[in-house]
Each structure stands twice: as structure tokens, then as C-alpha cells.
Protein chains: 2
Amino acid sequence: MAKLAGVSIATASKALNNQPQVRAETRAKVIQAAEALSFSPNTLAQGLITQRSGTVGLLTSDLEGRFSIPILMGAEDAFGSDQTSVFLCDARGDNLRERHHLRALLSRRVDGLIVVGARPDARPSLGELPVPVIYAYSPSDNPADLSLVTDNVGGGRLAVDHLIRHGRRRIAHITGDPSYGAAQDRARGALDRLAQEGLPLAGDQVWFGAWSEAWGRGATRMLLQRDPGIDAIFAGSDEIARGVLDVLHQEKLAVPAQVAVIGFDNWNILAVNARPPLTTIDMNLEELGRLAAQRLFAAIDGTLGSGIETIGPRLITRESTAPLD
Amino acid sequence: MAKLAGVSIATASKALNNQPQVRAETRAKVIQAAEALSFSPNTLAQGLITQRSGTVGLLTSDLEGRFSIPILMGAEDAFGSDQTSVFLCDARGDNLRERHHLRALLSRRVDGLIVVGARPDARPSLGELPVPVIYAYSPSDNPADLSLVTDNVGGGRLAVDHLIRHGRRRIAHITGDPSYGAAQDRARGALDRLAQEGLPLAGDQVWFGAWSEAWGRGATRMLLQRDPGIDAIFAGSDEIARGVLDVLHQEKLAVPAQVAVIGFDNWNILAVNARPPLTTIDMNLEELGRLAAQRLFAAIDGTLGSGIETIGPRLITRESTAPLD
DNA sequence: TTGTATGCGTTATCAA
DNA sequence: TTGATAACGCATACAA
């Protein structure tokens, strides 16, 4: 014990926590002893007293960690790695497993909880809990909870705005599963911006389908048949955009010279590696994680807000879009 | 307090932990009270007594969580979500941040540590620690530590074996950064298997380069120029394989009819979406996580082994390979 | 079968 | 400026 090296257990505590009421000389002695024994204060015991564990739980259902990881990183940033540690739990879409994890987290006395759903649609609230909860990415279905989500309408608007600014006039939209709110919202944003410009949607309709490259390819083929004169395609995800690019190449249409392509998600592995690299919309998930952490932090002593708060998207410009000459 | 509903604090404890020395009737009463107050035992306090926190740390440097997440899931599986929770910490390749996280984890009294490096090459040992440590994916540079890694030599052998069994005789190999041990090992496994069959490597050399689609494309072009008669390409990663496929399509070579392609990693987003879907080698990272958890669990009361242990790879057959007629 | 008392490693309150 | 002591919430050995 560090106390073997001189002083009482109480003074040692004060010295280590730099309380003012301790002689500099004594403090030095204590610190030295602590180093020598590579003493590390027991956070569990501290937590017992302070009623604060210095941990938060991140409860996700997002298998691949595609959304959870950026959110985790943002949260880590905001908390500071020495202040708060994060329990990452994956429920894998299984309700029972979620209950299990929740029990474990509560009995570990986490100071707060961030819940990340599998898809950007409302998910069931966890109900009243003894700690503050923030729903990130997927909002809670209970308006009394606080949810932080990305602005899909704004993202759609931003994408089309970028194409318009590049002089594109015949813009089509291929997107994923229409049962996803995100698909609907992105389409709405796109249509809004087109309407504002007085432009029609090329291809006569929004091409809803699935979140896959295969659908991106299929839809592009149909679209080209229906309307060969398009000069830009807004894809609802980077996966879809990859499919779009594939068929455009097959049809010998130059990207971006003849047709510009913009994706959604900024999923690096897909966007950066694309031919050409993909201009896309980034949902700012790290920012979302950071904000969630801040809200949680504030809520721990204060009170948590409620409702749905929105994070703005960001345009990432690469080479798949360019001004039309 | 649950004790307000009848009995002493000690009996309540016994009842909840189903110790035999308590009347059934009393136990029922206690349990009922506990439910009513939605009582949840304070794991921190328990840990203080039992000297076991029921937590482990997963310390990673793998930004995108591409390797860490499957490992985490495997570990979660093996531990059981109600027994052990996992702290996930990302050091982001920063040594200082790693020290910070390490301190935090130790002061939280984790029962063990799993360390996942950024790349599958040896990484610096953390040295003597008061808890058992397992290095997963990236081995420790200290042979006294216990490391669990994937079998890249075996993976290379498996890939080529599959191609040979499908009647391919002119097999080329395009892979990533030669400074990666994994690139060297996969190549060695491939060459081994070819030699065993008495076959030469098509394309005259192993095409080392970068772990990117762009390199996959570039290398394929050069390869085809050098040796137009190849009937199979083993790509060192799924990313590279995507680039290979891209150029093969451009050159109007049918996959798999004329040229079979096999990847490495089984990175779903790339492999499943490929045209055609990619046959690939899965490194069994979840299995690795599961095993790491088991070893850690065993080490907590017993003693940890040392050296490097290897997990076998698995062939995932999709449509980019098929028997040659 | 139940209750009392002690201690786990800290911090906080008080007295010395 | 320091040290003794009582919590924190639980598990356990022991007394009742």
C-alpha cells in the first residue's frame, strides 16, 4: 500500500487528489511512493462514494458497427478518455439480448446510456430508467425522450443543390428501401430543392428499391432506358452509387463529364475506392456522438431535454461530380 | 431498500443469491420486494468484495472497427452478456492515448485485457500488467505474451487450393503492401500450394502494391499484358479483388467462366455486392474473439499461456469461382 | 432460519 | 497540516 511509505491513508488520498490542505513535501513523498508501487486508485470504490461510476453504456443494434463506431469515437472525444469509459454492447436486433445488456449496464451503475438503433427510424423507447438516456441515429418512439438524429431531408437537399450548382438540369434519384424513413426524407429533400429551382425530376419517379449495389445497377439500367438524357444521378447511399457507376461505365457514359454521380453516407471503403472517387453526403456521425456525450454529461447533474434534435449533413466533394461545361 | 420489505440486509442478500440457508417463503418475499423496487444489485460494491469487476477491456487501434467488431462480438458471446461487459477503447494509433486508456481500464479493475492492433504484424508488448492480457489479430513482440492470430499462410494455401480443385492452372496473385506480414504470408501459402501441384505462378511474380481497389485495377492491367492467358486471380483482399473484377469486365473477360477470382477477408459489403459475388477467405475473427475470451476467462484463476496461437481460415464460396469445363 | 458485525478501497468530516 | 473514523452497498463468517 502506498501508505506504507510514510503517512496515513487519509493524507495519501488528499495528496493524490491535490487537496490544498497538505504540505508540498508530504505530497511529493506520497506521489513518489504511488509511482514506485504503480498504484492506481480503485475507481469502483470511488464510485461507491461519489455515486458516479464514470462509465456510460452504448447500446447498439447495428451489427456491423457502421454507425456505432463513429458515434463511439465522437463520444470518447467529448468525454475524455481519462474521465469516462464506454461499455459497448451489441443487442444484434434481439429484444431479449437488449434487456440482458440493459440489466448488466444498470447494475454496473453507468452514469448514462446512448442507444443506437439499427436503422434511422423510430425505435421503441426503453421507458423510465434511473439514468439519462439519449437515442442516437434512431429516434425513440416516445417524444418525452431525447433523440439525436441526422437531417436526411437536409442531406437530400444538399446533394441536389450541389448538382444544380454544377449546372445539372436533368437529375434523377435512385434510392433504397421505401419503408425506411431515411429514404423518404432524402427523396423529399431532393424534390424540394428541384421544385425550388423549377426543375422536374428526371426519370419520372424516385426509384425506390433496396440498399444494394445490385439495385443501383438495375435501377440505372431502367432509368437509362426511360430517360437517356440525364446528366446527374443522386444515389441514396454509397452502395447504390457504386452500382450506378458500374452501369454508367458499361454504357460508356463518362463520369462526371456526361453524368455526375453523388452518393450518401461517405462510407470510405466504398466512396474513396470508387472509379472515380465519389462525391457524397456525410451524416456527421462523429459530431452526433460528440453531441450525445455532451448532452449526457449535462444531463447527469441537470435535467435532460426531450424531443428530436437534428445534426446537419456535410458535402464531401470528390471527382464524381464536376461543373458541366 | 429492498430490506424495507421485511427482513435484514443479510438475509436479503442470501435470498437474492439463492443461498440454500433461507426459507422459501422468505425468499419469495424478498424477490417480490426487489421486483417492486426494481432493485438492481450494485456490481461496483460486489466487485469491491469479490475483487472481480466482471469487466474486460478491449483496447484497439483499428479505426474503422473492421477487425475489432467481430472480435468484440465473439468475446461477448463467450463471456455471456450478463456475466461480463466489455469496455471498448480506441487508441487511434496514438501511443499516448493508448497509455491513457490503459490507465483508465486498470483503475476500473478490469479482469483482463484484449489488445487488437491496427495491422496483422507484431506490435509492442504492454509489458507486465496486473491482469492477464491477450493480443488478438496483431501478435505481441514479446514471446512471453499470449497472442492469437489468423493463419495467413493457411489462408493463401486454401485460396489456391480451391482454384486448383476447380481446374485452374494459370493462377496469378495480386496483393497489398509488401511490408505487411500478412501479404507475405498469404503469398507464401499460395506459392506453397502451387509448388505442391507443380504449377508455376502465372504473371511471373507476386504483384505486391497497396490494399486498394486502384491497385487491384492497375495490377490487373499489367498482369493481363504480361500474361493474357491466366485463368484465375487470387487477390490478397476483397478490396483488391473488386479492382480486379472491374478491369476484367472492361476487358470483356467472363468471371468465372474465363477467369476465376477469389478474395480475402470476407468483408460483406464488398464481397456480397460484387459482380459476381465474391468467393473469399474468411479469417474467422469472431472465432478468434471467442477464443480470446475463453483464454482470458481461464487465465483469470489459472495462469496464462504464452506464444502465438493460430486460428484457421474458412473458405466462403460464392459465384466468382466455378469449375473450369 | 435469520440477524449482527466486519471489511472491500476510497473520500469526507471532523478532531487533534 | 495530519490522522482517526464513518460512510458507500454489498457478501460473508459467525452468533443468535
key: A:Glu25, CD atom: more than 12 neighbouring heavy atoms under 6.0 Å   =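 No, not enclosed.
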request  = Using heavy atoms to find the nearest nucleotide of DNA chain C for B:Arg27 and B:Arg109 separately, return the residue whose nucleotide is more 5′.
outcome  =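 Counting from the 5' end, the first nearest nucleotide belongs to B:Arg27.
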How long is the line joining [atom1] of [X] and [atom2] of [N], in whole Å?
| X | N | atom1 | atom2 | answer |
| --- | --- | --- | --- | --- |
| B:Leu48 | D:dA7 | CG | P | 17 Å |
| A:Leu44 | C:dC8 | CG | P | 15 Å |
| B:Ile9 | D:dC8 | CD1 | C1' | 11 Å |
| A:Leu37 | C:dG9 | CG | C1' | 15 Å |
| A:Ile49 | C:dC8 | CD1 | C1' | 12 Å |
| B:Gln51 | D:dA11 | CD | P | 14 Å |

Does [N] have OP1 or OP2 under 4.0 Å away from a side-chain N or O of [X]?
| X | N | result |
| --- | --- | --- |
| B:Gln21 | D:dT12 | no |
| A:Thr11 | D:dT2 | no |
| B:Asn17 | D:dA11 | yes |
| B:Ser8 | C:dT4 | no |
| A:Ser13 | C:dT11 | yes |
| B:Gln46 | D:dA11 | yes |

key: Side chains of A:Asn18 and A:Arg27 in contact at under 4.5 Å (non-hydrogen atoms)   =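 Yes; the side chains approach each other to less than 4.5 Å.
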inquiry  = Within the 4.0 Å heavy-atom criterion, would you say A:Ser40 contacts the bases, only the backbone, or no part of the nucleic acid?
reply    =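 The residue A:Ser40 makes sugar-phosphate contact but no base contact.
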ask   = What is the ring orientation for B:Tyr180 with B:Trp211, classed by angle as parallel under 30°, tilted 30 to 60°, or perpendicular over 60°?
value =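 Correct class here is perpendicular.
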message = Can you tell me how far apart CD (B:Gln83) and OG1 (B:Thr55) are? Round to the nearest 0.5 Å.
response =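 Atom-to-atom, B:Gln83:CD and B:Thr55:OG1 are 13.0 Å apart.
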key: Euclidean distance, A:Ser107 OG relative to B:Leu44 CG, rounded to 0.5 Å   =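 B:Leu44 atom CG to A:Ser107 atom OG measures 8.5 Å (nearest 0.5 Å).
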ask   = More 5' along DNA chain D: B:Ala45 or B:Gln19, using each one's nearest nucleotide?
value =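 The residue whose closest nucleotide sits nearer the 5' end is B:Ala45.
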Please tell me which of the listed nucleotides, [options], lies nearest to the side chain of [X]?
| X | options | value |
| --- | --- | --- |
| B:Thr26 | C:dT1, C:dG9, D:dA11 | C:dT1 |
| B:Asn42 | C:dC8, C:dT2, D:dG9 | D:dG9 |
| B:Lys14 | D:dT2, D:dT5, D:dA13 | D:dA13 |

